[in-house]
S.K.: 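Structure incoming, see below.
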Amino acid sequence: MTFSDFATLLPETALVIWASALLLVDLFIPKNRKGWTAFLAVLGLAAAFGFALAQGRGMGAGFGGMVVSDGFATFLEAMLALSGGLGILLAYDYLKRQGIERGEYYTLLLFSVAGMMLMAKAADLMVLFLAVELLSIPLYVLSAFGRPREAGEEAALKYFLLGAFAAAFLVYGIALTYGATQTTRIAAIAEAVQAGSANLPLLAFGAGLILVGLGFKVAAVPFHMWTPDVYEGAPSPLTGFMAVGAKVAGFAALLRVLVLAFPNLGSQLVPIVWTLALLTMPVGNLAALTQKNIKRMLAYSSIAHAGYMLVAVVAFADAKAAPAAVAAVLFYLAAYALTNFGAWAVVVAVERAEGKGLEIADYAGLGRKHPWLALAMTVFMLSFAGFPPTVGFVGKFYLFRAALAAGYVGLAIVGVLASVVSVYYYMRVVTTMYMREGQAEAYGDAWLKVEVALTALATVFLGIIVAPMFQWAVQAVLKM
Amino acid sequence: MDFLMNPLNLMTFFPLVGVAIILLIPRERKDAIRWVAVVTSLVSFFISLWMLSMFHAQNPNFQMVYDKIWMKTGGFEIHYAMGVDGLSILLVLLTTLLTPISIFSAWTAIEDRVKEFTIAFLVMEVGMLGVFLALDLFTFFVFWEFSLVPMYFIIGIWGGPRRTYSAIKFMLYTMVGSVLMLLAILWLGLSQGTFYLPDLLAKGVNLPLHLQSWLFLAFALAFAIKVPMWPLHSWLPDAHVEAPTAGSVILAGVLLKMGTYGFLRFNLSLFPQASVKYAVPIAVLAIIGIIYGAMVAYAQKDFKKLVAYTSVSHLGFVMLGLFALNPLGIEGGILQMINHGLSTGALFLIVGVIYERTHTRDLNAFGGLWKIMPIYGAFSIVVALSSMGLPGLNGFIGEFTILLGAFKSPVLGPVFTIFAATGIILAAVYILVMLQKVFMGPVKEKNLGLKDLNWREITVFAVLTLFIFWIGLHPAPFFNLMGPSVEKLAHGLQAAAVAMH
Amino acid sequence: MVLTNYLLALSAVLFIIGVAGVLVRRNALVIYMAIELMLNAANLAFVAFAAEFGALDGQIAVFFVMTVAAAEVAVGLAILVTIFRTRKSVDIDTLHRLKG
Amino acid sequence: MFLSEAMNQTGTFFHLVPWAVLFPVLGLLINMAFGRRMGEKGVAAVAVTASGLSFVVAVLMWLSLRAQPAGATVPFLSWMTPVHIAWAFRVDTLSVTMMLVVSGVGTLIHLYAVGYMHYDVRYKGDPGRYARFFVFLNLFIAAMMILVTGDSYLMLFVGWEGVGLCSYLLISFWFEYDTKGNLSLANAKAGNKAFIANRIGDFGFLLGMFYMFSVFGTLNFGKVFSEAPTVAQTHPQAILVITLLLLLGVTGKSAQIPLYVWLPDAMAGPTPVSALIHAATMVTAGVYLIARSHVLYDLVPAAQHTVALVGALTALFAATIAVAQNDIKKVLAYSTISQLGFMVAAVGVGAYVAAMFHLIAHAFFKALLFLAAGSVIIALERAHHPLPEEGGHDAHHNDDPPDFDPQDMRFMGGLRKVIPITFWTYLIAGLTLAGIPPLAAFFSKDEIIADTKAAFPLVYWLLVLAAFLTAFYIGRQIFLVFFGKPRSHAAAHAKESPWTMTSVLVVLAALSALGGLLNWPHPYLAEWLGHTLGEVEAAGLNPLVAGTSATIAIVSFLLAWWVYGKRPLQSASQPDPLQRPLGWLFTAMQAKWWVDELYWAVVINPYIALCRIAAAFDVWVIDAIVNDTAWLTDFVGEKIARWQTGFVRNYALSVFVGVLLIFTYLLWR
């Protein structure tokens, strides 16, 4: 344990220390001044963001190879730090408005971000497990933050029980993997397979269970069922954050594990991931069709987006196609994150007390009353649906390109057809805003508006000026 | 800066300047907004004339090309590339002409949310021009998909009672095809290492025939829905009936041409062998469309629906011409695209005029309008005759060339022409019955007070009628513009046909 | 070797009992206990493998898992308490407001 | 007029030929733009001048041709560049003959219409439509000029459809009425019928052109005709098919079997229209087309026989119908069909000069018949309800029955005394039609019959029979209309038409009477047309045939007198004297052999039904599949969302099932 070990883990370490300190500092911040806590939390995230960027292309392995700082991690850490910041912006006004403002929201969120970042960096399955839990436990708490709202509590309990259930599969999978390869180091697993010293059948079962655990995190069908309930029940700003953070972290882990630990298990695992992708896209999109609650609709839509990304993940075992696939998923995650925060910011803005204003029908007339907000929401919906010139389109373009490059034409066809279905429910929001008369209201402070504006502009801007971010994603691909 | 020095970029994106200005105008000042929109689109029109003046008709290749690398990833580059050649120039001009006309025509018809309406139209123009000018498959797809959105709003916000249904149907139906085309574009790009059309054309798509065929079919599906070809047309009547007049004009005038243009630019150019292979089935569908469209049009009771179905029939002619795969057929097809844009655009305006005055489109609610609205009647008759292909007017030139092309086609032949030519009889039937129901017969009492066209409407019709006569009497300039490019394309197709047999 | 196999079999049985517990019980507390059982089944497997390999890392993993489980249970119990306060029951079948 | 200056270097006026089209176009543009402000006189002056100038151009062409009988081709403007066809005019003896007839008769009818339409627009209650009428009439002259002067089949086709358009516009000119002036869609429908029937013919014409282009590589007359013999060697079937397809076009335009049905209904148009378009000029375009294409037809006897047979059958068939009609214009309409049959039969047997001769003669006498009939109708109309400006104050103070129809011959009778000029001119025209020597049609018709006798005996006998009926029905008409007692108030109080109308009648009567001189005793016409048609026929007055046909005509005319003149009808309601002796035959003839009904039952109604089925199919099958797909997607989505029961244990089960599946798969593989 040297200083360089900590250096590789600097953003996470800093964030955890900062969060712990903030927990104490918060005690001294008066109840009506919780803005300071939020501000300090953002500051911490900014520092983490800076540290992450400072690591650049990575600093190599640390802690005896249990964590690794590479370009892949940097990309995701930067994204997660930003997501944390956007998540706080999303929450600040909402918590006040709903009368549930407490400083712990921000500190817990920081811990969760730290867990997500760690997940991006984990080079050991045990660290991965720790990261998953560090990510999840604060989220369980935060889901119930709207206490005593029953929906929030129900969501929290469901999330907690199912999360723990899935985590148990993950742990068991890790145990089996350990049994098969004598190691939990991701790199060492692949080496063991290559050297022929691994117990392959056992490893396959272990890998299968790990897939279940991570599939739960990214909400892949059939491990997705917690998603709509939790997304609906949890406070809206949290859902927005969770929908991005948990998914990003989940895919980070999924990619790292599949590409680095199991590249030679393609014949066993590819059909499984393939089937997950095949199921996830239609189920998410079809179920979203009939939703009336916008949070639930977005929940199903997040399932669908996980499905699109899984299409590219399927290419993990193809050494030639994998780098492009990883880059495509990274890019898509960024696109999804931006769009998602924007959409949730609008949801937060339109939501009224007591969970009112969450039906899609409540958006009727928004186009007349708040044209800019409606325009922004339109941009987000178009980006979700994959219309140019938004970043969502470019993301899908790369995803399906990766799938085709690896030869998964069937999946790509299912994917694009599923995305046609998605157009229907996304456009329904637009239709309601512009083509139905109603009395939609919008609240929210300047920060929320800034977030909406920023994400909307970025959604379009990055959809037109694609190269820089994609270049970054390409450089961030996983290397052994 | 050199981005804007290129006439094509300038023309395509100039409407956005109008959008920016309109955003600054308070929404109460509707006339100011309208003027800005009309003037902006007219500027685009003048830029297109500038482009025309710089166009060398004898050169069959892309001209005024603007080519920059948009993004460079992994294996290859994606370009932002614009250029114009004989296949696209007329459609570009049609677009820049019809946009101001349709905005102008909606002067009094649209009173609600004028700001959004004009913005939607100007943004629409950007999308449409981009589609016709894009030289990179990716660039093309971006514009193609993007152009759906403003039309969705135009139908959905300012449309008739079933507007949301029609708008979403329009969008979803079109997307089913275009997403598969996206995959085909990707596949093509991956296998050829580039999306840049001139490169693809120069090298020729080097794929075995069965792969070519799949790609061809994926492109064809997207375009066939847009055209729309039978039996993929059922979004069209709904979209047309519900859309506001100006929207219908653009929809029929330009948007449908995006489909036929796609066939021309991509299917025929990139997959000549597959084109030869599928020419007969496509021509059969085209002919079914001609006859079926005419028959269904005849049975309509709604004026606008009737006109909508005529589009199915007319575009069948265009498709037949394109898949005759010889210069004659293709030239006729392109000209017929323009003709349809002018004539059917004008027909929708005709429907719009009477709808604005009577708020009904029921064919049985009219009668004898020629008596009370003589100027309206005169323009309508000219337009209707153009639509049914009367010699001396534009429609005939296109149809004649197409039918002759199909007759002499190496892949089709006289039988196709015989069946397609029955469309000319059937067109007379539905057009005449339409004229009879609307303009002839005794006048209904409630229609006695109808006002004839005002100066604004007369201007619009006069411009369209001018072109109807011009193309009908002296189409040479139009043919000259497209000639060399078509020859080049047909040459490739001819070679493919020889290679196939 | 033989011992390892027995231990693994026991671990699998425990795990399945845990899963079954989650699937059939209605009391949230009991369900969580069943999940603990699953975690401990994993722990057993870790220990068994570690013993067979003669390595320490498997045994260390057990500590991680136990610690995390403890943290989880703290949060879980807090949530349960909250729910019990509002609805006087921890029967999870009464919690199906969110659906569809 | 500095004629010499207008000549070009070669000393001819050929280069002026586009003005034959441009003058009427100018006229119609002026009338369209300013017609409402210029008043009736101004409109009439412009229209008549335009038409007259067109005639002047035609005369100039005639003069030039006398110097250079070979004629010339005058290019005007590039046109269909992909097929290398330009707007180019062809001046030769054939086209100039047609130009003279068209613009000459056309101008006369313009003059007549100046007076006729003055009353007509007032009776129909829309004086604003006066200008519109002359716009259409000028448009017709322009289109007809394009038709006859075009240098290619394509340009001919432009005129061909153009005159069809004018015909349509003028038939449905009073689109809100029927022929009796009641509010109705009948006139509009008659117009549609004409246009659609013509389109069916044009369908054949078009296909003929396509085939021709694919064989000859051009549609230009000169090139096609010069290559025809070679092509006949290489593609023996081609020319047969082309000529038969063109024949389909001819049956449409020239109202032959099976497409003749539109012409009787076309009488819905104002009478000058019936005279000009549906008798004198447009309907003869088919004859012109075949004469123009004689090089092709001469190469394929089978096509010629078909043409001749179609013509002869039509001649007889239409004549039988004409015998039993009561509407004064309907009789003339069927007579026109019948006479066109004569001409078509003539071109079918290669007697092009005879056909053209009859065409010219027919243009004179049939125009005259129609105009005179129009004069009769107007006279009755004016007596029936006089215009206020003529002192009429009460529209219905006469004792005419409510079903009074100014065109129904049963309400006429005895008119020779009240409208003498009309009577005399009508009589001349009628006798000409009957073929009484030495009036024009005697010579022309005689030439036709003589030519067919040698070429095609069946056709000969059909034509002879038709000629017999011709003299009978025109005799019947003359006796019904002008002799006997007036059978209505209006007939008794009819007044002669104004001089603008009657003077035209007189001129035409003179032409009808003297038209025979064109080709007899000296064959001027044969020599003249020989420059274009290539052959100079022997000047034909076969004494035997001439004698026979003259005898037939006279006997038949006398027979008509015996039936209708000797014992005239006493009242409008009295049945036709032929009704009893002929029985069902007369009924069938009166009902036009139920051909219209047949077409409705076999073609039109099935088509309408098919259209309705297609429309229903579109909604209930094609669109339903689309909507049902959407519905199904939605339904499945709802089912999937239903899985989300809200029970945690179900969710856990779902996870577990996933695990099971993965394990099963791993074990199974």
S.K.: If you look at every heavy atom in A:Arg401 and B:Leu190, which pair is closest and at what distance?
M.R.: O-CD1, 3.7 Å
S.K.: At a heavy-atom distance under 4.5 Å, which candidate from B:Phe141, B:Phe146, B:Phe143, B:Tyr152 has the highest pair count against chain A?
M.R.: B:Tyr152
S.K.: Is it the backbone or the side chain of B:Met171 that comes under 4.5 Å from a heavy atom of chain A, or both, or neither?
M.R.: side chain
S.K.: Can you tell me which portion of B:Ile168 sits under 4.5 Å from chain A's heavy atoms? Options are side chain, backbone, both or neither.
M.R.: side chain
S.K.: Rounded to the nearest 0.5 Å, how far apart are CZ of A:Arg368 and CD1 of B:Ile157?
M.R.: 8.5 Å
S.K.: Quick check for you: among B:Trp144, B:Phe138, B:Trp158, which has the greatest number of heavy-atom pairs under 4.5 Å with chain A?
M.R.: B:Phe138
S.K.: How close do B:Gly156 and A:Met435 get, heavy atom to heavy atom, and via which atoms?
M.R.: O-CG, 3.2 Å
S.K.: So which residues of residues 453-461 of chain A are in contact with chain B at a heavy-atom cut-off of under 4.5 Å?
M.R.: none
S.K.: Counting only heavy atoms not in A:Trp472, do more than 12 sit closer than 6.0 Å to its CH2 atom?
M.R.: yes
S.K.: Distance from A:Met469 atom CE to B:Met71 atom CE, nearest 0.5 Å?
M.R.: 11.0 Å
S.K.: Given heavy-atom pairs under 4.5 angstrom as the criterion, report whether the side chain, backbone, both or neither of A:Phe393 touches chain B.
M.R.: side chain
S.K.: If you check every heavy atom in residues 422-433 of chain A against those of chain B, which residues fall under 4.5 Å?
M.R.: A:Val423, A:Tyr424, A:Met427, A:Val430, A:Thr431
S.K.: With a 4.5 Å cut-off on heavy-atom pairs, point out which of A:Thr378, A:Ile465, A:Ile464 contacts chain B the most.
M.R.: A:Ile464
S.K.: Between B:Leu148, B:Leu180, B:Val142, which has the largest tally of heavy atom pairs under 4.5 Å with chain A?
M.R.: B:Val142
S.K.: Between B:Phe195 and A:Phe397, how do the two ring planes meet: parallel, tilted or perpendicular, split at 30° and 60°?
M.R.: tilted
S.K.: Does A:Ala467 offer a backbone N or O that forms a donor-acceptor pair with the side chain of B:Trp70 under 3.5 Å?
M.R.: no
S.K.: Is the backbone N or O of A:Tyr434 less than 3.5 Å from a side-chain atom of B:Arg113, with the two atoms forming a donor-acceptor pair by type?
M.R.: yes
S.K.: Give the interface residues of residues 403-421 of chain A toward chain B, defined by a heavy-atom separation under 4.5 Å.
M.R.: A:Leu404, A:Ala405, A:Val409, A:Ala412, A:Ile413, A:Val416, A:Leu417, A:Ser419, A:Val420
S.K.: Considering all heavy atoms of both residues, which atom of B:Glu116 and which atom of A:Gly367 are nearest to each other, and what is their separation?
M.R.: OE2-O, 4.5 Å
S.K.: Output all residues satisfying side-chain contact (heavy atoms from CB on, under 4.5 Å) with B:Ala243, sequence neighbours left out; order by chain, then residue number.
M.R.: B:Ile155, B:Ser248
